[in-house]
4 protein chains.
Amino acid sequence: MEDKQTFIAEARREQIIKAAIEVLKEIGYVSTSLAKIAKKANISTGLISYHFSGKEDLMNNTLMYLVEQEWEFINKCVIQKQTATEKLTAFIEASLAYQVTNKANNIALIEIVFNARTPDHTPYYLLEDEEEDLKTSLLGEILRQGQESEEFGDFSPQVISTIIQGAISESMLTFQNKLSVEEYKETLIKIILRIIN
Amino acid sequence: MEDKQTFIAEARREQIIKAAIEVLKEIGYVSTSLAKIAKKANISTGLISYHFSGKEDLMNNTLMYLVEQEWEFINKCVIQKQTATEKLTAFIEASLAYQVTNKANNIALIEIVFNARTPDHTPYYLLEDEEEDLKTSLLGEILRQGQESEEFGDFSPQVISTIIQGAISESMLTFQNKLSVEEYKETLIKIILRIIN
Amino acid sequence: MEDKQTFIAEARREQIIKAAIEVLKEIGYVSTSLAKIAKKANISTGLISYHFSGKEDLMNNTLMYLVEQEWEFINKCVIQKQTATEKLTAFIEASLAYQVTNKANNIALIEIVFNARTPDHTPYYLLEDEEEDLKTSLLGEILRQGQESEEFGDFSPQVISTIIQGAISESMLTFQNKLSVEEYKETLIKIILRIIN
Amino acid sequence: MEDKQTFIAEARREQIIKAAIEVLKEIGYVSTSLAKIAKKANISTGLISYHFSGKEDLMNNTLMYLVEQEWEFINKCVIQKQTATEKLTAFIEASLAYQVTNKANNIALIEIVFNARTPDHTPYYLLEDEEEDLKTSLLGEILRQGQESEEFGDFSPQVISTIIQGAISESMLTFQNKLSVEEYKETLIKIILRIIN
DNA sequence: CATGAATGAGCATTCATTCAT
DNA sequence: AATGAATGAATGCTCATTCAT
């Protein structure tokens with residue numbers, strides 16, 4: 001009985017989160033309201049407040065959901081590979097592919113990260129992740145492994161990680177029409193591999 | 001006479017824009033309201049509507065102001081140099097330096113770009129700049145010059161430009177405490193120069 | 001259950017409409033605001049927006065309510081009579097009586113009709129009624145019936161209808177103290193009957 | 001010198017009044033603001049406040065201007081005639097003609113009469129004219145003259161005056177497309193003359 | 001578990017008016 | 001005589017949240 005209720009509750013929460021993602025993509029964080037999310041999910045406003053403690057809580061849960069989704073996709077591609085070089089290549093390829101394939105998710109994530117703030121007004125994008133940002137740490141691990149196995153040369157993992165992450169994020173803003181994903185992917189991987197070898 | 005009035009109006013507009021930047025930095029785009037900007041500037045709410053046609057107009061003008069400020073700072077550093085290599089180095093150094101020195105401006109700019117949307121809900125960060133983003137085109141010009149003078153080797157300017165821009169933007173989010181600006185600056189420049197030569 | 005909720009909502013809507021009528025009568029359309037209506041109804045401003053989609057919607061619903069009220073009163077008097085002559089007499093008597101007895105309603109109706117405009121600024125008083133103004137059509141029907149039964153003579157129903165309607169409307173503005181309703185009623189009926197026979 | 005100033009001032013006042021009439025016609029009393037009138041007149045907002053003591057004062061002056069214009073037009077037609085019958089015919093014809101020809105004036109007048117209220121909220125349309133409404137008194141005079149000369153029969157001038165006035169006012173709302181002015185004019189005059197003879 | 005009703009605060013905007021110049 | 005700058009109040013409206021049912 002309790003399981004059933006929990007199951008229903010969990011399904012509702014996901015339904016609400018998915019509606020939130022859709023609304024975030026369509027009209028952006030600023031215009032997104034609980035009322036609009038409720039309308040999109042075809043439920044009453046009050047129900048959101050029942051399942052989440054407030055707007056902030058819903059946004060946090062949506063963010064977690066989005067980060068997990070992305071992490072799972074990328075990780076699934078990476079763990080299939082053996083060498084650090086292959087893993088790094090897979091990481092970059094998967095990251096770019098995810099952005100193209102799951103555009104709604106990607107935009108919703110941006111909307112939350114760059115708009116939400118903690119109650120004391122610290123922006124999420126400047127927040128120190130206590131438990132290190134998931135995706136970064138995946139990348140960090142790959143770089144570390146490559147250096148330990150002496151596949152990669154000597155470089156600051158933090159710097160290279162930032163460059164790679166930046167190259168991935170920035171691409172999204174340029175892809176619109178100036179840049180083909182395929183060309184970018186190939187060139188970027190070539191360059192990164194050249195740097196770290 | 002007319003000049004004086006225009007002067008007063010122009011001063012007011014700048015005062016309001018500066019108050020907007022401050023508020024944007026402090027509480028973020030979502031929480032920023034005309035009332036709070038007015039309070040920060042110690043003027044009445046109505047006066048903002050008198051000098052700007054609305055909130056959107058104020059935000060657009062603030063964005064233009066911020067982009068111009070950054071462009072002027074970077075450009076001043078770049079035009080002093082002769083060779084493309086020197087110019088590129090100066091561009092990266094200046095870009096990183098500006099972010100560190102003018103943090104309020106930088107955050108306000110992020111807040112607007114990642115939160116504002118056009119009336120039909122297109123996010124600014126996905127907007128095609130008709131007149132090519134100023135800063136990008138400055139970088140684009142440097143890269144082009146370097147290739148024409150055969151200082152630089154053969155590469156896609158669009159890809160390299162995206163990587164450089166991404167490396168600069170991303171750094172801001174990592175600097176907080178994990179990464180020293182100095183180390184990042186030196187390493188990044190070294191890497192970029194290696195890539196394009 | 002659902003009926004009960006609908007009932008509550010319907011009661012609220014009528015409560016709000018009645019408050020609107022009161023305020024319209026007291027201070028006129030121009031000064032009437034949702035805040036003042038809410039205060040009169042002892043509810044919060046937001047509740048009005050919850051039950052009506054906006055000020056325009058509330059005014060339209062209030063107008064419909066007023067037109068219906070008047071139509072019902074007059075129709076109740078008219079359908080009791082058999083001949084067209086009796087019906088016409090009843091129509092005029094009832095119209096004049098309604099204006100005297102329900103002054104608040106009458107003024108509120110005038111306030112809306114002569115002050116509200118469609119979003120493209122067409123005044124309501126110049127609006128073409130697609131479904132023919134109710135009251136006019138009631139009068140039109142009586143006149144048509146009288147001509148068909150040859151109770152009345154030959155005349156343009158549109159012209160006569162306009163004259164009767166004008167005589168009723170105009171009276172309201174003159175009754176104040178210059179004219180007794182009784183005298184006007186008797187004389188007007190006598191004249192109209194003379195014209196159309 | 002003083003004459004010149006007064007002359008300029010008088011011209012300005014008329015310019016402002018004419019702009020007010022135009023705006024009233026276009027967007028209605030409710031949406032009409034001093035700012036919009038100023039814009040239409042291509043002057044500054046403050047200038048209106050300089051020439052009129054406030055919005056109410058401007059509206060009162062505009063109303064007076066409109067009433068005078070109409071009275072002059074109708075009176076010019078009436079005084080040319082000798083007999084009361086001719087005068088009454090001329091009065092009705094002129095009244096209807098004025099409404100058709102000077103539609104902007106007519107609408108502006110309606111907008112003011114049915115929207116403006118005294119500071120204690122009495123609507124203008126219910127106001128007792130101390131100095132008897134100009135137009136009514138013109139009509140009243142004609143009726144009185146006709147009875148004194150025994151051109152007209154015995155009837156209550158107040159009732160007949162109200163009917164005539166109502167028939168004229170109401171026509172405006174029906175003319176839109178259901179009723180030809182010519183037909184209405186002829187029929188109305190015929191009917192009225194029949195009544196009073 | 002879910003709803004619809006309700007609140008009160010906050011929003012951007014417009015307004016009539018004032019005033020120094 | 002005329003302007004543009006400025007105010008403060010009021011407008012319609014939306015919001016996140018609460019609560020009885």
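By convention in this document, chain letters (A, B, ...) are assigned in the order of the sequence lines, proteins followed by strands, and residues within each chain are numbered from 1.
Heavy-atom nearest nucleotides on DNA chain E were determined for C:Y50 and for B:A35, and the one closer to the 5' end corresponds to C:Y50. Closest-nucleotide positions on DNA chain F for A:E56 and C:T32 were compared, and the one nearer the 5' end corresponds to C:T32. Between B:K55 and C:S44, the one whose closest nucleotide on DNA chain E sits nearer the 5' end is C:S44. Between B:I43 and D:I43, the residue anchored nearer the 5' end of DNA chain F, judged by the nucleotide with its closest heavy atom, is D:I43.
In this structure, A:D57 places its CG atom 10 Å from P of F:dT17, rounding to the nearest Å. Rounded to whole angstrom, the span from the CG atom of B:L47 across to the P atom of E:dT13 amounts to 14 Å. In this structure, C:L58 atom CG and F:dT11 atom P are separated by 15 Å, rounded to whole Å. Atom P of nucleotide F:dG12 and atom CD1 of C:I37 are separated by 8 Å, given to the nearest angstrom.
Taking the centre and axis of the six-membered ring of A:Y29, the NZ or CZ atom of A:K36 falls outside the cone set by 45° and 6.0 Å.
In this structure, D:K18 pairs ionically with D:E14, as a charged nitrogen and a carboxylate oxygen lie closer than 4.0 Å.
Listed candidates were E:dT3, F:dT14, F:dG12. Nearest to the side chain of C:S33 is F:dG12. Here E:dC11 is the nucleotide among E:dA2, E:dC11, F:dT17 with the atom lying nearest to any side-chain atom of B:K36.
For C:Y65 and C:E70, the side-chain atoms include no donor-acceptor pair closer than 3.5 Å.
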* Give DNA chain E the dot-bracket treatment, 5' to 3': Watson-Crick (N1-N3 with N6-O4 or O6-N4) or G-U (N1-O2, O6-N3) under 3.5 Å, [ ] crossing, | other strand. => .||||||||||||||||||||
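For the side chain to side chain donor-acceptor pair (under 3.5 Å) test, residues two or more places apart in sequence or in another chain that qualify with B:Y124 are B:N60.
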